[in-house]
A.B. asks: 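For reference, the structure I am asking about is given below.
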Amino acid sequence: MNHGFDLAPGAGRTVAGVEGERLLTTGEFARRGLLSPKALRLYDRQGLLPPDRIDPDSGYRYYRPERLATARLIVRLRGLDMPLATVAEVLALPGPAAAERIAAYWAAVERRTASQRTLADHLRVQLSGLEGIDEMYRIEQRDVPEQLVLTEQRRAKPEELDRFIPEATERLAAIAAAHGGVAAAPFVVYHGQVDEDNDGPVEVCVPIDPARAAGLTAAHRTEPAHREAYTTVTKAQVEYPQILSAYDAVCAWTEQTGTGRTGPGREVYFADWATAEPSDPVCDIAFPVGG
């Protein structure tokens with residue numbers, strides 16, 4: 001008994017199924033469905049394209065012609081490098097919901113691609129000894145006024161920042177709401193190195209209006225007025241480790257221009273992170289510098 005997908009006998013022609021229904025052999029179904037026999041075997045094992053009939057004597061598998069639309073859809077979804085588990089999700093959904101699932105999958109692919117592109121740029125710059133870094137980032141300067149900021153500080157490794165920063169910002173913003181709201185862009189100060197071997201500490205700061213600070217009991221401090229050099233990065237560039245290239249760019253600029261850094265590096269988040277696309281500017285990488 002043969003339980004495989006051999007193309008003979010009966011390859012390339014239809015056969016009569018139950019109650020005279022015309023069925024396609026695996027060879028004809030694979031050819032017309034734009035599949036290889038190997039792929040058809042895989043999709044059978046995964047439950048995506050099980051046969052409609054298995055001959056009890058020969059073990060040959062047969063498919064209804066109307067299943068060809070599903071076979072061709074699977075081929076096109078795989079053309080998007082969609083994992084089989086996600087393909088199964090799409091096949092199980094009605095048309096509009098399936099379209100939304102495809103859109104969500106592709107949006108995730110684009111986010112990942114954007115992140116990988118910036119990571120490749122970072123690695124290229126690092127391995128070339130920062131060659132070309134001045135072409136990647138535009139360095140500017142600005143004066144920052146004195147600010148009263150709510151603060152939350154802890155030690156954190158890179159993999160913890162994606163959770164700590166937004167959660168701390170949300171907690172501080174809730175406190176700020178009782179004192180007139182957030183007065184300026186929140187920022188994160190790195191008081192020590194943060195990488196695979198070091199954990200800061202890291203301080204999240206949310207500015208509030210000093211005139212509305214009566215009765216304030218939460219942790220706070222005054223951020224002195226200063227001048228800072230900065231470069232703007234996109235959401236994709238904020239990811240670790242590629243964000244390090246932006247820090248390197250600002251540091252290289254201060255060294256080339258003889259502009260001394262007078263404080264630790266920081267990230268100033270001026271955009272709505274949740275709604276920003278990977279290519280949208282969301283953050284400034286800045287260092288306080290001498291006037």
Side-chain angles (χ1 to χ4, degrees), residues 111 114-115 118 137-192 194 199-240 242-244 246-247 249-250 261-289 291:
R111 289 193 297 271
S115 176
T118 61
Y137 300 97
R138 177 180 177 182
I139 311 300
E140 299 182 272
Q141 296 185 72
R142 65 188 170 203
D143 292 315
V144 180
E146 180 180 279
Q147 298 179 93
L148 178 64
V149 297
L150 304 173
T151 75
E152 185 171 329
Q153 181 171 303
R154 59 163 287 189
R155 292 189 173 277
K157 289 291 188 69
E159 64 271 16
E160 299 172 302
L161 296 178
D162 284 346
R163 181 172 180 177
F164 170 58
I165 292 174
E167 290 183 354
T169 301
E170 185 175 354
R171 287 190 290 268
L172 296 176
I175 298 172
H179 298 278
V182 178
F187 57 95
V188 181
V189 181
Y190 293 88
H191 294 284
V194 175
D199 59 358
V202 181
E203 180 187 22
V204 176
C205 301
V206 171
I208 61 172
D209 183 356
R212 306 288 294 275
L216 179 63
T217 58
H220 61 281
R221 67 176 178 84
T222 298
E223 173 74 7
H226 61 273
R227 188 165 182 78
E228 64 185 21
Y230 69 97
T231 189
T232 301
V233 296
T234 66
K235 186 174 182 177
Q237 290 173 316
V238 169
E239 292 196 31
Y240 181 87
Q242 44 265 51
I243 193 172
L244 298 180
Y247 278 97
V250 180
R261 298 191 298 274
T262 60
R266 61 207 51 210
E267 297 160 11
V268 183
Y269 289 92
F270 56 78
D272 184 347
W273 182 268
T275 61
E277 296 296 328
S279 60
D280 290 341
V282 297
C283 172
D284 292 331
I285 307 302
F287 279 90
V289 295

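These numbers come from the heavy atoms of this one structure, side chains and all, not from hydrogens, waters or symmetry mates.
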A.B. asks: May I have the step-by-step check of side-chain contact (heavy atoms from CB on, under 4.5 Å) for H179 and H220, ending in yes or no?
C.D. replies: CA-CA 13 Å; H179 298 278; H220 61 281; over 6 Å; no
A.B. asks: Could you list the residues that satisfy side chain to side chain donor-acceptor pair (under 3.5 Å) with Y269, not counting sequence neighbours?
C.D. replies: E267
A.B. asks: Are any of the side-chain nitrogens in R142 or E228 under 4.0 Å away from the carboxylate oxygens of its partner?
C.D. replies: yes
A.B. asks: If only atom types and distance count, is the side chain of T222 paired as donor or acceptor with the main-chain N or O of L148 below 3.5 Å?
C.D. replies: no
A.B. asks: Could you give the distance from CG (D272) to NZ (K235), rounded to the nearest 0.5 Å?
C.D. replies: 8.5 Å
A.B. asks: Could you walk me through whether V289 and Q141 satisfy the side-chain contact (heavy atoms from CB on, under 4.5 Å) test, starting with their C-alpha distance in whole Å, then the side-chain angles of each, then the deciding distance to 0.1 Å, before giving a yes or no?
C.D. replies: CA-CA 9 Å; V289 295; Q141 296 185 72; 4.1 Å; yes
A.B. asks: Specify the closest pair of heavy atoms between P288 and P264, including all atoms of both residues, with the distance to one decimal.
C.D. replies: CD-O, 3.3 Å
A.B. asks: Provide the closest heavy-atom pair for T118 versus A236 in the form atom of the first, atom of the second, distance.
C.D. replies: OG1-O, 3.4 Å
A.B. asks: Nearest 0.5 Å, please: how far is CD in E203 from CZ in R266?
C.D. replies: 8.5 Å
A.B. asks: Between F287 and V250, which heavy-atom pair has the shortest distance, and what is it?
C.D. replies: CD1-CG1, 3.6 Å
A.B. asks: Would you name the heavy atoms of P207 and A184 that are closest together and state the gap between them?
C.D. replies: CD-O, 3.6 Å
A.B. asks: How close do E146 and A225 get, heavy atom to heavy atom, and via which atoms?
C.D. replies: N-CB, 3.5 Å
A.B. asks: Using a 6.0 Å cut-off, check whether atom CZ of R212 has over 12 heavy atoms from anything other than its own residue.
C.D. replies: no
A.B. asks: Taking all heavy atoms of V206 and all of A176, pick out the closest pair and write down the distance.
C.D. replies: CG1-CB, 4.3 Å
A.B. asks: Within the supplied structure, the quantity of interest is the number of heavy atoms (other residues, nucleotides, ligands) at a distance under 6.0 Å from E170 CD; does it exceed 12?
C.D. replies: no
A.B. asks: Do W273 and V238 have side-chain heavy atoms sitting under 4.5 Å apart?
C.D. replies: yes
A.B. asks: Would you say P158 and V194 make side-chain contact, with heavy atoms under 4.5 Å?
C.D. replies: yes
A.B. asks: What's the verdict on side-chain contact (heavy atoms from CB on, under 4.5 Å) for Y240 and L161, showing C-alpha distance, side-chain angles and the deciding distance?
C.D. replies: CA-CA 9 Å; Y240 181 87; L161 296 178; over 6 Å; no
A.B. asks: Taking atom CG of L172 and atom OG1 of T151, what is their separation to the nearest 0.5 Å?
C.D. replies: 7.0 Å
A.B. asks: Rounded to the nearest 0.5 Å, how far does OG1 of T232 lie from CG of D284?
C.D. replies: 3.5 Å
A.B. asks: Side chains of Q242 and S115: do they bring a donor and an acceptor to under 3.5 Å?
C.D. replies: yes
A.B. asks: Side chains of C205 and F187, heavy atoms from C-beta outward: is any pair under 4.5 Å?
C.D. replies: yes
A.B. asks: OG/S279 to CD/Q237 distance, rounded to the nearest 0.5 angstrom?
C.D. replies: 10.0 Å
A.B. asks: Just wondering, are more than 12 heavy atoms of other shown residues or ligands nearer than 6.0 Å to CZ in R154?
C.D. replies: yes
A.B. asks: Using 0.5 Å steps for rounding, measure from the CZ atom of R221 to the CD atom of Q153.
C.D. replies: 8.5 Å
A.B. asks: Hey, which of T169, I208, V182, V204 is the one that makes side-chain contact (heavy atoms from CB on, under 4.5 Å) with L150?
C.D. replies: I208
